[in-house]
Amino acid sequence: MSKVVPLKWEKSELLILDQRKLPGKIVWIRARNHETVARAIESLAVRGAPVIGIAAAYGVALAAKSTRATEAGISDAIARLLKTRPTGYNLFSALERMKHVLEHANGKVSLLLEREARAIHKEDAEMCHAIAEHGVSLMKSGETVLTYCNTGALATGGIGTALGVIRLAHTRKILKEVFACETRPVGQGARLTIWECAQEKIPATLICDNMIASLLATGKIHRVFVGADRIARNGDTSNKIGTRGLAVLARDAGVPFHVVAPSTTFDTNLKSGAEIVIEERKPEEILRGTPGLEKVKGVRVWNPAFDVTPANYITSFITERGVLSPPF
Ligand code: MRU
């Protein structure tokens with residue numbers, strides 16, 4: 001179990017740990033309806049592909065709890081939640097399950113939807129454990145690893161995916177150290193991964209994203225573990241913007257590059273990464289990193305939230321079902 005919990009389902013309310021406020025403040029958002037959940041997802045108060053799916057499932061359960069809930073109203077809530085973020089597949093796979101329950105419920109809709117949301121949450125926690133075991137089985141004692149973005153307890157229903165492997169390696173005393181990239185522009189690595197590591201006393205060193213090549217050149221990194229937002233049938237993988245560059249640099253340095261994700265992130269409908277929709281976010285996310293820049297008129301900004309790493313850069317996929325090596 002992790003000390004860090006991003007969501008709590010309490011007395012038919014969803015408590016969401018506001019990740020925008022971390023690491024400075026612990027603030028909980030109390031969601032009583034699906035619209036609050038949808039806004040929390042859009043604003044990154046709750047983020048990370050698996051936990052977005054879990055939060056959205058609870059959002060549907062909240063919609064069903066309303067005294068005036070109708071099947072059409074719950075379907076509208078699902079449609080609203082589906083529009084929150086386009087890239088991560090867990091949102092879509094979780095809402096597909098909720099839709100299936102809604103369509104096949106014979107009465108007791110609210111109870112069944114709540115049960116399904118809890119099941120999605122529990123299964124994700126179980127998958128994290130299985131993933132971590134498979135990931136750790138690849139490691140040797142005393143390894144130093146590099147990770148990107150935040151893929152920990154904050155991003156999942158359990159101990160995390162890539163960071164879950166790192167966490168278990170620490171518990172088993174085979175991890176020497178993890179290097180975490182800052183992950184501009186939103187800072188999931190600096191603000192969230194470093195904070196999570198501090199909670200669990202995992203030895204962690206923060207670097208800026210532009211230090212990756214130099215760090216790899218030192219030869220001290222044994223492997224890279226990253227998460228995923230959506231994986232196409234051919235293994236092309238979308239993850240936080242910057243992951244592709246990291247994969248190219250790892251290949252150049254001869255360092256294994258592992259994608260760590262549950263099966264709920266694999267979108268078998270898509271032939272390749274070219275079909276993945278990449279979310280573009282507001283310019284302010286980049287501009288506010290440079291004080292005063294928001295006041296400069298006419299600054300053009302491109303802010304894709306994710307990129308696609310071609311499958312041929314990926315050494316293996318670590319899932320709850322085992323380790324998948326090429327050919328994928
Ligand atoms: O924009 P975010 O913070 O939701 O992006 C998160 C990532 O890209 C993670 O690496 C991914 O969702 C995997 S989380 C286990």
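First listed ligand is number 1; within each ligand, the first listed atom is number 1. Computed from heavy atoms alone, side chains included, the values below leave out hydrogens, waters and symmetry copies.
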- Message: If only side-chain N and O atoms count, and only distance matters, is there a donor-acceptor pair under 3.5 Å linking Ser316 with His258?
- Response: yes
- Residues that, via side-chain heavy atoms closer than 4.5 angstrom, fall in one hydrophobic cluster with Ile241: none
- Set of residues satisfying side chain to side chain contact (heavy atoms under 4.5 Å, CB included) with respect to Asn210, sequence neighbours excluded: Cys208
Go ahead and list the nitrogen or oxygen contacts between ligand 1 and the protein that come in under 3.5 Å, distances to 0.1 Å, or just say none.
residue: ligand 1; atom: 1 (O); partner: Arg85; partner atom: NH1; Å: 3.4
residue: ligand 1; atom: 1 (O); partner: Arg85; partner atom: NH2; Å: 2.8
residue: ligand 1; atom: 1 (O); partner: Lys240; partner atom: NZ; Å: 2.7
residue: ligand 1; atom: 3 (O); partner: Arg47; partner atom: NE; Å: 2.8
residue: ligand 1; atom: 3 (O); partner: Arg47; partner atom: NH2; Å: 3.3
residue: ligand 1; atom: 3 (O); partner: Gln188; partner atom: NE2; Å: 2.9
residue: ligand 1; atom: 4 (O); partner: Gly48; partner atom: N; Å: 2.9
residue: ligand 1; atom: 4 (O); partner: Arg85; partner atom: NH1; Å: 2.8
residue: ligand 1; atom: 8 (O); partner: Asp229; partner atom: OD1; Å: 2.7
residue: ligand 1; atom: 8 (O); partner: Asn239; partner atom: OD1; Å: 3.2
residue: ligand 1; atom: 8 (O); partner: Lys240; partner atom: N; Å: 3.2
residue: ligand 1; atom: 10 (O); partner: Asn239; partner atom: OD1; Å: 2.6
residue: ligand 1; atom: 12 (O); partner: Ala49; partner atom: N; Å: 2.8
residue: ligand 1; atom: 12 (O); partner: Asp229; partner atom: OD1; Å: 3.4
residue: ligand 1; atom: 12 (O); partner: Asp229; partner atom: OD2; Å: 2.8

- Query: Under the side-chain hydrogen bond (donor to acceptor under 3.5 Å, both in side chains) test, which residues partner His222, sequence neighbours left out?
  - Reply: none
- Hey, are the side chains of Ile16 and Pro6 touching, using non-hydrogen atoms and a 4.5 Å cut-off? no
- Item | Any side-chain donor near an acceptor of the partner, Thr144 and Lys176, under 3.5 Å | no
